[in-house]
Undergrad: 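Below is the structure I would like to discuss, written out as structure tokens.
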Amino acid sequence: MRKAVASLILMTPLLGGCIVPVSVTPNLCREIGARDGLQIRLAFGLTRPDGSVIDTQDWQQFVDSEITPRFPAGFTIIDAQGQWYDAAGQRVIQEKSRIVWIVAPATDRSLQAHLRTIRQIYQKRFSQQAAGLAIQSGCSSFESLPVE
């Protein structure tokens with residue numbers, strides 16, 4: 001019994017990462033008419049292993065064929081500068097990148113498959129080691145407000 005209690009006490013801090021937090025400002029979210037959902041950021045490096053750059057046309061074809069059909073309600077693309085550590089080459093790599101920001105309901109059952117597919121296709125099509133993913137819960141509103 002002592003071992004079970006000791007294990008539970010030691011593991012309790014680790015369990016916090018398993019709980020999806022509720023919006024930190026539920027009253028504000030309700031007051032402005034925002035809805036709970038997920039804020040998703042996908043990160044895509046724009047340099048191939050051979051040093052060539054994924055050009056605007058190739059990027060746009062990828063967006064049109066892979067992201068738009070899976071998220072037709074919309075998303076935002078942000079130009080960025082990325083940095084990551086290449087363990088194999090033991091060096092820091094800096095490259096231009098793009099962040100795709102998507103707001104989606106947590107109840108969307110196709111979300112996991114869509115995100116996995118987009119990332120896998122990008123990695124394969126452009127010979128990338130990875131495509132980043134960050135998901136946070138929160139609230140958002142994209143409804144029109146009356147202009148005064």
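Keep in mind it's a predicted model, so treat the numbers as computed, not measured. Throughout, numbering of the chain's residues begins at 1 and tracks the sequence.
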Undergrad: For a 4.5 angstrom cut-off between non-hydrogen side-chain atoms, does Asp64 reach Gln61?
TA: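 Not in contact.
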Undergrad: Any side-chain heavy atom of Thr68 within less than 4.5 Å of one from Phe62?
TA: no
Undergrad: Any chance CD of Gln129 has more than 12 other-residue heavy atoms, nucleotides or ligands included, within less than 6.0 Å?
TA: no
Undergrad: Ile77 vs Trp59, test: side-chain contact (heavy atoms from CB on, under 4.5 Å). Steps then yes/no.
TA: CA-CA 11 Å; Ile77 298 173; Trp59 167 258; 4.0 Å; yes
Undergrad: With heavy-atom distances below 4.5 Å as the criterion, would you say the side chains of Val100 and Thr76 are in contact?
TA: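 They are not in side-chain contact.
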Undergrad: Check step by step if side-chain contact (heavy atoms from CB on, under 4.5 Å) holds for Leu42 and Phe75.
TA: CA-CA 11 Å; Leu42 292 163; Phe75 49 86; over 6 Å; no
Undergrad: Is there side-chain contact between Leu38 and Ile102, with heavy atoms separated by less than 4.5 Å?
TA: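 Leu38 vs Ile102: side chains apart.
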Undergrad: What are the two closest heavy atoms between Leu111 and Pro105, and how far apart are they?
TA: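 Looks like CD2-O, 4.2 Å.
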Undergrad: Do Glu95 and Trp84 pair up side chain to side chain, a donor and an acceptor below 3.5 Å, judged on atom types alone?
TA: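 There is such a pair between these side chains.
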Undergrad: Go through the structure and list residues passing salt bridge (Lys or Arg N to Asp or Glu O under 4.0 Å) with Asp55, not counting sequence neighbours.
TA: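 Here no residue qualifies.
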Undergrad: Between Phe126 and Tyr122, does the ring centroid distance fall short of 6.0 Å?
TA: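 Between Phe126 and Tyr122, the centre distance is under 6.0 Å.
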Undergrad: Considering non-hydrogen atoms only, spot the tightest contact between Gln39 and Ser140 and give its length.
TA: NE2-CB, 4.4 Å
Undergrad: Do other residues, nucleotides or ligands put more than 12 heavy atoms under 6.0 Å from Gln112 CD?
TA: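 No, CD of Gln112 has 12 or fewer neighbouring heavy atoms, counting only those of other groups under 6.0 Å.
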Undergrad: Asp108: what forms a salt bridge (Lys or Arg N to Asp or Glu O under 4.0 Å) with it, not counting sequence neighbours?
TA: none
Undergrad: Does the Ser52 side chain pair with the main chain of Arg48, one donor and one acceptor, at a distance under 3.5 Å?
TA: no
Undergrad: Between Gln128 and Thr47, is there a donor-acceptor pair closer than 3.5 Å when you use the side chain of the first and the backbone of the second?
TA: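 Checked: pair present.
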Undergrad: What's the separation between atom CD1 in Ile118 and atom CD in Glu66, rounded to the nearest 0.5 Å?
TA: 7.5 Å
Undergrad: Please report the shortest heavy-atom distance between Asp36 and Cys139, naming the atom on each side.
TA: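 Where Asp36 meets Cys139 most closely, the heavy atoms are OD1-CB, 4.0 Å.
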Undergrad: More than 12 heavy atoms of other residues, nucleotides or ligands under 6.0 Å from CD of Gln90: is that the case?
TA: no
Undergrad: Could you check whether any side-chain heavy atom of Arg119 comes within less than 4.5 Å of a side-chain heavy atom of Leu133, counting everything from C-beta outward?
TA: yes
Undergrad: Evaluate the side-chain contact (heavy atoms from CB on, under 4.5 Å) criterion for residues Thr117 and Arg70: first the C-alpha distance (whole Å), next the side-chain angles of each, then the deciding distance (0.1 Å), finally the verdict.
TA: CA-CA 10 Å; Thr117 300; Arg70 290 176 175 87; 3.1 Å; yes
Undergrad: Can you check side-chain contact (heavy atoms from CB on, under 4.5 Å) on Lys124 and Gln120, steps first, answer last?
TA: CA-CA 6 Å; Lys124 186 175 182 180; Gln120 288 175 341; over 6 Å; no
Undergrad: Would you say that Gln83 contacts Ser97 through its side chain, given a criterion of any heavy-atom pair below 4.5 Å between the two side chains?
TA: no
Undergrad: Is there a path from Ile54 to Ile121 through hydrophobic residues (I, L, V, M, F, W, Y) whose side chains come within less than 4.5 Å of each other?
TA: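 Result: yes, single cluster for both.
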Undergrad: Rounded to the nearest 0.5 Å, how far apart are NZ of Lys96 and CG of Leu46?
TA: 9.0 Å
Undergrad: Take atom CZ in Arg35; do more than 12 heavy atoms of anything else shown fall under 6.0 Å from it?
TA: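 For Arg35, atom CZ is not crowded (no more than 12 foreign heavy atoms under 6.0 Å).
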Undergrad: Do Asp79 and Arg98 meet the salt-bridge criterion of a basic N to acidic O distance under 4.0 Å?
TA: yes
Undergrad: If you link I, L, V, M, F, W and Y whenever their side-chain heavy atoms are under 4.5 Å apart, who else ends up in the same group as Val103?
TA: Trp101, Phe142
